[in-house]
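What follows is a single structure, written as structure tokens, with notes after it.
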Amino acid sequence: MLEGFDALEGLTIRRHYALYEPVRATNHTLSKLPVNLRRINMLELSFNRKRLDFFTDSAWAGLTHIEISIDGLDAFTHILHLCPNLCTLNMSGVFYPIQTPEPVAHANLQSLLFSRMVLWTIDKSEDLGIFNVITLPNLRLLEVSNARCWPHGSFMEFLTRSKCPLKRLVLGDGVWITERERAEYATLIPSFEFIEHEAIWM
């Protein structure tokens, strides 16, 4: 579908609502991307772990910026495996607890945005497991919205494990932390800037 577009660096895929099964219409395109493609916006599509298994590591290896809608956090960790050169990841969608907690480290990710989330968990205090499985040593920006219960303990462990140069922590609507928790982050990473209830868009 994208043959002859080798110079293409950015791509936005819109969902055609007249199509009954958009997966079949897009999987072929996404399985062989132009060699110079770096940025892709797929927020109107939805990807779970099973669908992502269709793609090989080499198909998405060149991507550096992704905007995507996911169905389940297992899709998030698999995206990190598929995209070793990823610098910015902006995700929306349905976030329910990680089912296969396999640790994943990503050396290049600098900006991670969880925006427009719909959480699927009966227990509002449940830790979804986001920070238990990832190690991001190069992370500089983290934005989270609608997380309901902020996982302070696992986030502290994530920061300690990653030793990342976090500069900005942005908590949007539906996320609150205490002054004590904020002070603990500042002690661990003195250079970081905390911003509450502000949205950042790519």
Side-chain angles (χ1 to χ4, degrees), residues 47-49 52 64-66 68 70-200 202:
F47 294 82
N48 57 22
R49 171 60 190 268
L52 288 171
T64 59
H65 295 73
I66 294 179
I68 191 170
I70 66 171
D71 179 16
L73 285 169
D74 290 297
F76 160 52
T77 55
H78 197 55
I79 290 170
L80 296 182
H81 282 299
L82 288 172
C83 308
N85 294 303
L86 198 60
C87 295
T88 299
L89 177 59
N90 183 356
M91 294 182 297
S92 65
V94 180
F95 290 19
Y96 45 80
I98 288 180
Q99 306 298 310
T100 54
E102 301 175 1
V104 55
H106 196 286
N108 294 313
L109 193 66
Q110 298 179 23
S111 300
L112 178 59
L113 300 91
F114 297 99
S115 59
R116 297 187 295 247
M117 298 193 309
V118 176
L119 300 184
W120 189 263
T121 174
I122 296 175
D123 184 355
K124 293 184 179 181
S125 65
E126 183 177 6
D127 187 339
L128 297 179
I130 297 173
F131 299 113
N132 295 328
V133 298
I134 57 174
T135 301
L136 307 174
N138 208 25
L139 189 67
R140 289 165 166 76
L141 165 66
L142 174 66
E143 179 187 344
V144 182
S145 299
N146 301 328
R148 230 186 288 181
C149 179
W150 178 248
H152 172 67
S154 60
F155 183 62
M156 284 291 290
E157 293 175 0
F158 159 76
L159 291 177
T160 302
R161 180 174 64 251
S162 295
K163 297 181 174 61
C164 55
L166 189 67
K167 300 295 184 184
R168 304 185 77 187
L169 173 63
V170 182
L171 301 184
D173 292 339
V175 186
W176 294 271
I177 66 173
T178 66
E179 288 297 324
R180 179 178 179 179
E181 291 170 346
R182 179 177 175 177
E184 289 182 22
Y185 303 149
T187 300
L188 188 61
I189 306 178
S191 62
F192 101 101
E193 176 186 6
F194 172 75
I195 301 174
E196 192 171 11
H197 305 308
E198 175 182 314
I200 290 181
M202 293 176 59

Backbone of [Y] reached by a side-chain donor or acceptor of [X] within 3.5 Å:
X: S162; Y: L136; answer: yes
X: N108; Y: P84; answer: yes
X: R49; Y: T77; answer: no

Minimum heavy-atom separation for [X] to [Y], with atom names?
X: L159; Y: L188; result: CB-CD2, 3.4 Å
X: C164; Y: I189; result: O-CD1, 3.7 Å
X: C83; Y: I66; result: SG-CD1, 3.6 Å
X: P137; Y: P165; result: O-CD, 3.2 Å
X: L166; Y: L141; result: CD1-N, 3.9 Å
X: V133; Y: E102; result: CB-O, 3.8 Å

Close side-chain approach of [X] and [Y], heavy atoms under 4.5 Å:
X: L139; Y: F158; result: yes
X: F155; Y: L169; result: yes
X: I79; Y: I70; result: yes
X: L113; Y: T88; result: yes

Taking atom [atom1] of [X] and atom [atom2] of [Y], what is their separation to the nearest 0.5 Å?
X: H106; Y: L112; atom1: NE2; atom2: CG; value: 10.5 Å
X: F47; Y: I68; atom1: CZ; atom2: CD1; value: 4.5 Å
X: N48; Y: L73; atom1: CG; atom2: CG; value: 12.5 Å
X: N138; Y: S111; atom1: CG; atom2: OG; value: 9.5 Å
X: E184; Y: T178; atom1: CD; atom2: OG1; value: 7.5 Å

Going by salt bridge (charged side-chain N to carboxylate O under 4.0 Å, His left out), E193 matches just one of R140, K167, R168. Which one?
R168
Please check if the distance between the ring centroids of F131 and H152 is under 6.0 Å.
no
Any chance the rings of F95 and F76 have centres within less than 6.0 Å?
no
